[in-house]
Protein chains: 2
Amino acid sequence: MDDDTLIFTFFNEIGIVSQLSQAFLNRHLPDGLHSSHFATLNHLYRVGDGSTPLAIANAMQVTKATMTHTLSVLEKRELVQISSNPRDGRSKKVFLTPAGRAFRLEAIGEVTTAMATVASLFDRAELESSLPTLQRVRKILDAERTNRPSGD
Amino acid sequence: MDDDTLIFTFFNEIGIVSQLSQAFLNRHLPDGLHSSHFATLNHLYRVGDGSTPLAIANAMQVTKATMTHTLSVLEKRELVQISSNPRDGRSKKVFLTPAGRAFRLEAIGEVTTAMATVASLFDRAELESSLPTLQRVRKILDAERTNRPSGD
DNA sequence: ACTATTTGGTTTGATGTCAAACTAAATGGG
DNA sequence: CCCATTTAGTTTGACATCAAACCAAATAGT
């Protein structure tokens, strides 16, 4: 297998696993929540809230237009609260509401339960050992695309 | 890091790498071709043509409805040709046209060129060594979702 | 200070994807 | 043989996502 083929194969496999895992999430998240919403809630929880939409978009690797949409959905459900930034009239700040925190916990519970059977099939060490590779690949790809710089 | 966190982290990383690589493809594929179209052309080339839409959908891990759409785009561009199956009135057979083969080569060229700089940053052995893990994970996830059975 | 550029966010239009309902053909049990 | 079930594909309606055009606020260069 030459280098190009290896790379194609690698990314093809990544793409399929990603699709399957996202489909898994979408099937098991409560109340029609989409995996992108779940990821956003988790991000807000992890980094502490008050991030700007653009920062979140960069962290999630989606465009700011997409984030506008995602946040409007979350806001409509009252899982986040969006306030204008007194320091900068252009930007906004996003906060998890108590409902948002509760919902996140509930979602994690559901997913974890649903995952229980399948999780036991994974080799923990195997996943762990490929994490650094994934992170390196992510960094490289992220640096490559000059626009929309890295976040998180 | 407990097991659940590890798994979440793993799939999160997979998701981001997948999104970045797909975005990369979408940016560099010629003529507005989408990565899913590219993947479908490649699949047809690899398995030899004459597959049914459903078989392709399973291999690509998308629903048959999605495949109907993808194939109609490819057919409109005359990159594939779709004929009815004389053996089975319900199903169809998909063939790469000469234009489709040519287009695939062109696309591979473009992508490979675009990838040249970034590809040199990857550690070939590293990618190679994580491939089996990805394939195992894929198999597990694929088996889990009882509907829409595995292909390829 | 004033204009030009950059930056954060929204809007618009297009597209890919999915789930669910539907159609038509094949298969199977009586 | 006939009806019930399964199977392949399409249609419909919803939604996530993107690129490009747009607006408004901040910043910079002169």
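To find a chain, count down the sequence lines: A is the first, B the second, and so on, and within it residues start at 1.
Relative ring orientation between B:F24 and B:H28 is described as tilted, the plane-to-plane angle lying within the 30° to 60° band.
In terms of modelled atom types and a separation under 3.5 Å, the side chain of A:T66 and the main chain of A:V62 share no donor-acceptor contact.
Within the 4.0 angstrom heavy-atom criterion, only backbone atoms of the sugar-phosphate kind lie near A:H34; the bases stay farther away.
The phosphate of D:dC18 has OP1 or OP2 within less than 4.0 Å of a side-chain N or O from A:T63. Put simply, B:S36 has a side-chain N or O that comes within less than 4.0 Å of OP1 or OP2 on C:dT17.
Sequence order on DNA chain D of the closest nucleotides to A:G89 and A:T66 puts A:T66 first from the 5' end.
Of all heavy-atom pairs between B:N26 and B:L33, the closest is OD1-O, 4.4 Å. Across A:V17 and B:L134, no two heavy atoms sit closer than the pair CG2-O, 3.6 Å.
In this structure, B:H69 places its NE2 atom 17 Å from P of D:dA14, rounding to the nearest Å. In this structure, A:M60 atom CE and D:dC18 atom C1' are separated by 17 Å, rounded to whole Å. When the P atom of D:dT17 is taken as reference, atom CD1 of A:I56 falls 14 Å away, rounded to whole Å. In this structure, CG of A:L25 is placed 13 Å from P of C:dA19, rounded to the nearest angstrom. Here the P atom of nucleotide C:dA19 and the CD atom of B:Q61 are 12 Å apart, to the nearest Å. In this structure, A:M67 places its CE atom 16 Å from P of C:dT11, rounding to the nearest Å. Between the CD atom of B:Q19 and the P atom of C:dG16 there is a distance of 16 Å, rounded to whole Å.
Within a 6.0 Å sphere centred on CD of A:E78, heavy atoms belonging to other residues, nucleotides or ligands number 12 at most.
Residue pairs meeting the salt bridge (charged side-chain N to carboxylate O under 4.0 Å, His left out) criterion with at least one member in residues 92-113 of chain B, sequence neighbours excluded, are B:D49-B:R101.
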Exercise. For nucleotides 3-9 of chain C, read 5' to 3', which letter fits each nucleotide if B means a protein heavy atom sits under 4.0 Å from the base, S means only the sugar-phosphate is that close, and - means neither?
Worked result: ----BBB

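Taking a 4.0 Å limit (strictly below) on heavy-atom distances, residues 71-87 of chain A does not reach DNA chain D anywhere.
Defined by atom type and a distance below 3.5 Å, a donor-acceptor pair is missing between the side-chain atoms of B:T9 and B:N12. Judged purely by distance below 3.5 Å, without hydrogens or angles, the side chains of B:S130 and B:T133 never pair a donor atom with an acceptor atom.
Comment: A:R77 engages A:D31 in a salt bridge, judged by a side-chain N to carboxylate O separation of less than 4.0 angstrom.
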